[in-house]
Amino acid sequence: MTGIKTDKEMNDRTKVPLPEGKLGILIPGMGAVATTLIAGVEAARMKIAEPIGSLTQMGRISSGDRQEVKNPLFREYLPLANLEDIEFGGWDVHGKNVYEVALKSSVIDGSTLEQM
Amino acid sequence: MDGVFDKSWVRNIEPVKLKSGESKMELAKMVMDDIDRFMKEKEVSRTVMLWCGSTEVFTQLSEVHLSIESFEEGLRNSHEKISPSMIYAYAAIMKNIPFLNGAPNLTVDIPALVSLSHEKKVAIGGKDFKTGQTLMKTIIAPGLRARMLGVDGWFSSNILGNLDGLVLDDPDSFKTKEKSKLSVIESILSSEEFPELYGNLYHKVRINYYPPRGDNKESWDNIDIRGWMGYPMQIKINFLCRDSILAAPVCLDLALLTDFAMRAGKFGVQEWLSFFWKSPQFKDGNFVIHDLFKQLDVLEDTLRKIMN
């Protein structure tokens, strides 16, 4: 049950269609939470930060086999969309762009935002 | 993109750019057009919608929310009980896009939109991302209950200075939030099941807007507990948390798992994602699970069932 499965093996096992193409995440309310999400996904793609706190990215699902030292990662176990395949979009009423909002909410420091 | 906004639903925000339309139905159609344009321009094959907007003024279920027909009629007449978040949710579901409600707003927790999600075979879920103090509560309370320790009182106080805090300074928006925050303890520490332990539990939640802290929330919890032979003890939790830092991974997980659920053919209310919600939306009559560890069990069980 451990180890990274190829897409084909995964599909044979589940019949859940694979995530083909890109996934859009549309967000009404582009405030601190949304911009922190976008920055964190970008940071993980650039490998400058780990996606800490994310069950799908870092969590392991217990396989029920107690002899097994390591359980499989959720993202190995399930055919989930990759971070590279996500596109963000959203609505708000403040008329500012994502960078301006992220800077103003000062959740993430300016130099990290600049880097992205 | 310019948003749909209504001052009567979120009083402490001054909009700069917003959509205007003849009716709420027209606004919903404009959101649908935005969705189409986004999907075409970004060349995406699937989309999920995730509400990260403000907490709206408290509202209760009313006639207009009860059926798809009355809701659509309400959209055409710009019925006052239809909030901006409901307009987005309607637009998303009509476009076969799952809707996830990150605020404690009523939004998709109405029969009209639940029915529509079944008709369109779209996954929906909510409400209110489980972060901060409530996350801590659903970690601590199951432990106290597991050890059969009594709890007489749980006092929670918060300061926060972000937009969320400002909006929650409006008593009517706070009422929506308070409801979401209170039910957590009452369901885990059930006075019905354990009258000797939790029969007299007094639970109080305060939120105070305090601009100097920005997004960095601070919470204080005092828990009065009781042990063997009724001897009292106290637990103090002082959590210096970053609201958006805790919410962002929850957003990502919800988006990815809901996209997966759609591919697995699941639709309607996704109870198995209750792990991520402060106030999980459940199907009518189903008992709501708040205990974080039980929620994780349900999530894993559901995934194993789909995958095996």
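A note on names: the letters A, B, ... follow the listed sequences, proteins ahead of strands, and every chain is numbered from 1. What you see is a predicted model; the values in this text were computed from it and never measured.
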* Asked: In terms of heavy-atom contacts, does CD of A:E50 have more than 12 from other residues, nucleotides or ligands at under 6.0 Å?
  -> no
* **Proximal component of B:M49, with respect to chain A [non-hydrogen, under 4.5 Å]** => both
* Near B:K294 NZ, under 6.0 Å, is it more than 12 heavy atoms from other residues, nucleotides or ligands? -> no
* **Gap separating the OG1 atom of A:T56 from the CG atom of B:D259, nearest 0.5 angstrom** => 11.0 Å
* Structure fact -> Residue from A:I61, A:I38, A:I52, A:L83 scoring the most non-hydrogen pairs under 4.5 Å with chain B is A:I61
* **Residue, of B:F276, B:F5, B:F38, B:F275, that accumulates the most heavy atom pairs under 4.5 Å with chain A** => B:F38
* Decide yes or no for A:L37 and B:L50: does some side-chain heavy atom of the first lie under 4.5 Å from some side-chain heavy atom of the second? => yes
* Quick one: does B:L257's side chain get under 4.5 Å of A:L80's, heavy atoms only? -> yes
* Nearest-0.5 Å distance, CG of residue A:D92 to OG of residue B:S54 -> 8.0 Å
* Asked: B:K17, B:E14, B:E43: which one forms the most heavy-atom pairs within less than 4.5 Å of chain A?
  -> B:K17
* Can you tell which of A:M58, A:Q57, A:M30, A:K96 has the highest number of heavy-atom pairs within less than 4.5 Å of chain B? -> A:Q57
* Asked: Looking at A:W91 and B:G3, what are the two nearest heavy atoms and their distance?
  -> CB-CA, 3.9 Å
* **Check: B:L252 and A:I86 side chains under 4.5 Å, non-hydrogen atoms** => yes
* What heavy-atom pair brings B:S244 and A:T36 nearest, and what distance separates the two atoms? -> CB-OG1, 3.4 Å
* Asked: If you count heavy-atom pairs under 4.5 Å between each of B:D2, B:L299, B:L18 and chain A, which one has the most?
  -> B:D2
* **Top contributor to chain A interface from B:T131, B:L100, B:L296, B:I35 [non-hydrogen pairs under 4.5 Å]** => B:I35
* Residue among A:G21, A:S105, A:P28 with most heavy-atom pairs under 4.5 Å to chain B -> A:P28
* **Point-to-point distance, once rounded to the nearest 0.5 Å, from OG1 of B:T47 to CG of A:L23** => 6.5 Å
* Asked: Checking B:I97 against chain A: side chain, backbone, both or neither under 4.5 Å from a heavy atom?
  -> neither
* Asked: Given a strict heavy-atom distance threshold of 4.5 Å, which part of B:D253 is in contact with chain A: side chain, backbone, both, or neither?
  -> both
* Is any side-chain heavy atom of B:M262 less than 4.5 Å from a side-chain heavy atom of A:P17? -> no
* Asked: Would you say the side chain of A:F74 lies within less than 4.5 Å of the side chain of B:L256, judging by non-hydrogen atoms?
  -> no
* Asked: Is chain B contacted by the side chain of A:V41, its backbone, both, or neither, given a heavy-atom distance below 4.5 Å?
  -> side chain
* Work out which heavy atom in B:P249 is nearest to a heavy atom in A:S54; give both atom names and the distance. => CB-N, 3.6 Å
* Asked: Taking side chain as C-beta onward, heavy atoms only, is B:M1 less than 4.5 Å from A:L26?
  -> yes
* Tell me, for B:L246 versus chain A, whether the close heavy atoms (under 4.5 Å) come from the side chain, the backbone, both or neither. => neither
* Answer yes or no: is there a side-chain heavy-atom contact under 4.5 Å between B:R304 and A:Y77? => yes
* **Under 3.5 Å: donor-acceptor pair, side chain of B:R263, backbone of A:V16** => no
* To do: Determine whether the side chains of B:S45 and A:E20 contain a donor N or O and an acceptor N or O closer than 3.5 Å.
  => no
